[in-house]
Each structure stands twice: as structure tokens, then as C-alpha cells.
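Here's the structure, in C-alpha cells; my notes come after.
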2 protein chains.
Amino acid sequence: MTQKSDHIPRATIQRLAVYVQVLENLLREGTEVISSEPLAKACNVNASQIRKDLAYFGEFGVRGVGYYVKSLIDSITSALGVDREWRTVLIGVGNLGRALLNHKEFRLRGFNIVGAFDCDPFKIGEEISGLEVVCTKRLKEKIGENGAEIGIITTPPERAQRAANHLVEAGIKGILNFAPARISVPSEVNVEYVDLFHHLYALSFNITFGSSE
Amino acid sequence: MTQKSDHIPRATIQRLAVYVQVLENLLREGTEVISSEPLAKACNVNASQIRKDLAYFGEFGVRGVGYYVKSLIDSITSALGVDREWRTVLIGVGNLGRALLNHKEFRLRGFNIVGAFDCDPFKIGEEISGLEVVCTKRLKEKIGENGAEIGIITTPPERAQRAANHLVEAGIKGILNFAPARISVPSEVNVEYVDLFHHLYALSFNITFGSSE
DNA sequence: TTATAATTGGGAATGATTTCACAATCAGGA
DNA sequence: TCCTGATTGTGAAATCATTCCCAATTATAA
């Protein structure tokens with residue numbers, strides 16, 4: 001899959017992920033074809049938004065008919081580069097780290113967690129969901145063996161930057177950071193932040209000052 | 001705290017949460033005053049962006065000096081409506097649900113989880129982090145007692161809409177949805193989606209097609 | 001008291017994204 | 001084969017967000 005256009009808005013990428021989610025649920029319910037209008041409703045966006053988003057990557061629809069759900073899912077996942085296996089490692093075996101390690105959906109969606117790391121000697125050696133927790137110092141060595149490209153940080157905030165440094169040094173290409181801290185990495189490394197509290201803050205603001213009016 | 005301006009961009013709200021995160025880390029390191037330029041660097045945004053974002057809510061800085069870190073945190077949290085306790089309930093006591101119930105940070109940040117619900121008879125009655133898991137059917141009754149305003153959905157996707165319906169019926173004002181499905185609710189109810197895979201998809205796309213060039 | 005250096009707040013200009021509107025295209029039936 | 005109704009793909013317009021720039025303001029030091 002190659003892009004038709006050079007620059008693709010970040011918002012478009014985020015929406016594509018939503019489209020996939022909704023399309024998968026539609027497929028599960030037996031829908032084979034859908035047009036942009038009802039799909040837009042289900043995704044809570046504008047119909048031309050969907051068409052424009054898809055147009056960045058090619059022409060996937062049939063005029064007068066709509067989109068074939070299954071083939072559209074394939075087209076979008078291919079456009080996002082998720083039609084393959086991605087190997088990941090996780091640093092920080094706390095509550096959240098454990099939950100993620102036990103989350104089967106990761107493997108199901110092609111994001112295989114192939115290594116778990118922590119610097120706490122009491123955790124090293126422990127086995128979680130078939131993975132042995134390894135000392136963070138051995139990260140580079142281990143990544144050399146398993147070829148992981150994505151790192152997941154689930155440490156406390158004060159250790160996030162150190163974890164990021166380890167990952168960068170090991171040659172990782174992308175980081176998913178759950179720690180509530182910004183990290184700085186070389187520009188060729190991609191970072192995505194997941195922060196529950198950002199969403200809770202947004203809820204708090206919207207409830208308090210009313211976004212729904 | 002009241003807003004100066006009527007409409008505030010969603011992106012601004014998200015950035016305010018980032019500013020708080022970074023400012024809290026600065027405070028922990030002993031910084032008392034900071035100007036928009038270095039703060040912008042730490043947050044990875046433009047300096048006038050910060051000033052404009054803050055200007056939606058009032059004038060918090062001192063010309064020629066900058067912003068007092070502590071007081072700016074207070075101003076922003078007040079602007080977001082998070083300078084109070086928010087009571088929340090959680091539906092869906094799976095892996096993720098358990099991890100969230102055990103996550104102390106929630107209480108620390110004023111988002112108190114005061115109820116845990118599930119429809120699985122094997123889970124009902126179980127005690128997690130001081131909370132007894134209750135049948136989802138008793139949601140309305142329980143919320144009547146504890147006055148929760150925010151619901152957290154951690155069910156599988158196919159049960160997300162039902163959970164949302166229960167929450168709406170119980171009079172909840174906002175929903176944080178971790179289930180990989182869109183839900184539909186009346187417009188006065190606010191919904192925020194947290195989806196790991198959206199972030200992983202974005203990473204995949206950026207790594208594959210190069211956002212860092 | 002006045003001059004200087006720093007830095008905010010906000011208007012104006014720019015840039016990006018979303019929505020509109022419609023020609024182009026397709027399936028299906030007469 | 002041709003017409004009708006539906007729906008895409010896309011240029012143009014409208015909206016929204018970001019960045020630039022500088023007057024206004026403040027602390028500090030002479």
C-alpha cells in the first residue's frame with residue numbers, strides 16, 4: 001500500500017482506526033456493503049470526511065453502491081501498515097504492565113509482546129503470560145534476538161525517560177508511552193502517548209462547562 | 001473558574017492536560033517560575049500556542065516574568081473543572097477493569113472509583129481493592145446511593161452499548177469507554193474513547209510511512 | 001526616577017482541515 | 001440499449017487552528 005498524497009493529517013489516521021473498529025463490528029453483524037452516509041453516522045463524523053480520508057490512499061468505493069465492508073477493512077489496514085506482525089517489548093511490570101501482558105487482544109491484532117522488562121530484582125525471573133521478566137539492562141541484547149520494533153513504557157513517570165533511552169539505544173522505532181510524563185527521543189523515533197487522565201480531564205471539562213449544548 | 005471565551009477547541013483542552021502533566025513534573029524538580037518558551041519546548045508545542053490556550057480562560061502570567069508554576073497548575077485544573085472530587089463507577093471486571101480498580105492514581109487525582117459492576121455471576125461478590133463487585137442490574141440503585149457522575153466501560157465490545165444504556169439510565173453525565181466499539185448515547189452525555197490500538201495503528205503508520213522526515 | 005531587558009496577551013496573517021456541492025460513475029431495470 | 005436512482009471522488013468554499021508579530025506591562029538595576 002502506498003499513499004496517493006504526500007502529507008496525511010494526523011486526524012485522518014486516528015479516524016481510519018475508528019473506521020476499522022466500526023467496520024469490524026458491522027462485518028460481525030453481517031453487513032457486506034455500506035455507503036459513506038450510514039458509516040459516517042456510526043462513526044460520528046461527516047460523510048464527506050470519510051470519503052476524503054479514504055481518498056488520501058486510493059479509490060476503494062463503487063459509485064452508486066458504496067464500500068464492500070471486508071475489502072475496505074483490508075484496504076485501510078494495509079494503508080495503516082497493520083497488515084503484518086509487529087513485535088513489541090514492554091518495560092515496567094506494574095499493575096498496568098501486567099494487565100497489558102495478559103491482554104490477548106494484542107496478539108490477536110498482530111502486536112505481539114515478545115519481551116517484558118523491569119529493573120526491580122523482585123520481579124525479574126517472574127513469569128507472566130508465558131514471558132519471563134528480564135532485567136532492563138539486557139534490553140538491547142534481547143531485542144537483538146527477537147527483533148522487536150515497538151516499545152511499550154508502563155513505568156512510573158520518573159523512570160519513563162530512562163526506559164525511553166534504553167529503547168532508543170536498542171534501536172526501537174516507535175514507543176507507546178503510558179507513563180504520565182513527556183519523553184524526549186531522536187526525531188526518527190515515533191512516540192504515542194496514552195494518558196487516561198487526559199481523557200478524564202476532558203470529560204470533567206465537558207461535563208462542567210457543557211460541550212453538549 | 002469561568003471561561004472568557006465561548007468556544008474552546010478540543011485540541012486546547014487536550015494540551016492543557018499535557019501542560020498540567022509537565023508543570024507537575026517541573027514543580028517536583030523545584031522549578032517555581034517558567035516562561036512560555038521553555039514550557040513549550042518541554043511540551044513539544046509552539047510558545048504562542050500555550051499563551052493562546054491559556055488566554056481562553058484568563059490572564060495567568062506576569063509580563064516580563066513568566067508563569068508561577070504552582071499557581072498555573074491551580075488555574076488550569078480549575079479551568080478544567082478537576083479541582084474537585086469526581087465519583088466514578090466501573091462496568092466490566094475483566095483484566096483491564098481489575099487493573100484500573102487497583103490503580104491508586106485514580107483516587108490521587110480526584111477520580112474516585114466508588115462502584116464496580118459486572119454481569120458474570122462468578123464475579124459478583126468478589127472484592128477488589130476494597131470494592132465488592134455488584135450485578136450490573138443494580139447500577140441505578142447504587143448510583144442513587146453514591147452519586148457517581150462518570151462511568152468507565154471496560155467490557156468486551158459487544159456488551160459496551162448495553163453498559164452505556166445502563167449508565168445513561170442511571171443518570172450518569174460522562175462515559176470513559178475502553179471497549180473497542182463506538183457507543184450511542186443522548187447528546188447531553190459526554191463520551192471519551194480510550195483505545196490502545198488506535199495509538200498502535202498510528203505508530204505502525206508512522207513507522208512504515210515515515211512521519212519523522 | 002528612569003532606562004533596559006524580558007515576556008505576556010492578543011490582533012492579524014497564515015495554514016490546515018472540514019464541509020459543501022456537484023460532475024462522474026455505476027448497478028439495475030425497463 | 002438507455003434511463004433512473006444512488007453514491008462516490010474531488011475542486012472550491014467555509015471554517016477552524018496555529019503562528020507571527022508587536023504594543024503593553026512588569027521587574028530590575030543604574
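Reminder, nothing fancy here: chain letters follow the sequence lines and each chain counts from 1.
- Within residues 43-52 of chain A, the residues that place at least one heavy atom under 4.0 Å from DNA chain D are, in residue-number order, Arg51(A), Lys52(A).
- Residue Ser36(A) has a polar side-chain atom (N or O) positioned under 4.0 Å from OP1 or OP2 of dT8(D).
- A salt bridge is defined here as a Lys NZ or Arg NE, NH1 or NH2 lying under 4.0 Å from an Asp or Glu carboxylate O, and Glu192(A) with Arg10(A) meets this definition.
- Considering only the side chain of Glu59(B), dG9(C) comes nearest among dT18(C), dT17(C), dG9(C).
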Inset, instruction - Evaluate the side-chain hydrogen bond (donor to acceptor under 3.5 Å, both in side chains) criterion for residues Asn165(A) and Arg162(A): first the C-alpha distance (whole Å), next the side-chain angles of each, then the deciding distance (0.1 Å), finally the verdict. - result: CA-CA 5 Å; Asn165(A) 296 345; Arg162(A) 194 148 25 119; over 6 Å; no
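- When the side-chain nitrogen and oxygen atoms of Tyr67(B) are compared with OP1 and OP2 of dT26(D), none of them lie within a distance under 4.0 Å.
- For the pair Glu37(A) CD and dT8(D) P, the interatomic distance rounds to 9 Å; values are reported in whole Å.
- Distance Leu72(B) CG to dT8(C) C1': 13 Å, rounded to the nearest Å.
- Thr12(B) comes within 4.0 angstrom of no nucleic acid atom, judged by non-hydrogen atoms across all strands.
- Residue Tyr56(A) places no side-chain N or O under 4.0 Å from the OP1 or OP2 atom of dT10(D).
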Inset, instruction - Would you mind building the protein contact string for nucleotides 25-30 of chain C? One character per nucleotide, 5' to 3', B for base within reach (heavy atoms under 4.0 Å), S for sugar-phosphate only, - for untouched. - result: BBS---
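- Applying the ring pair (Phe, Tyr, Trp, His ring centres under 6.0 Å) test to His103(B) and every residue at least two apart in sequence or in another chain returns Phe106(B).
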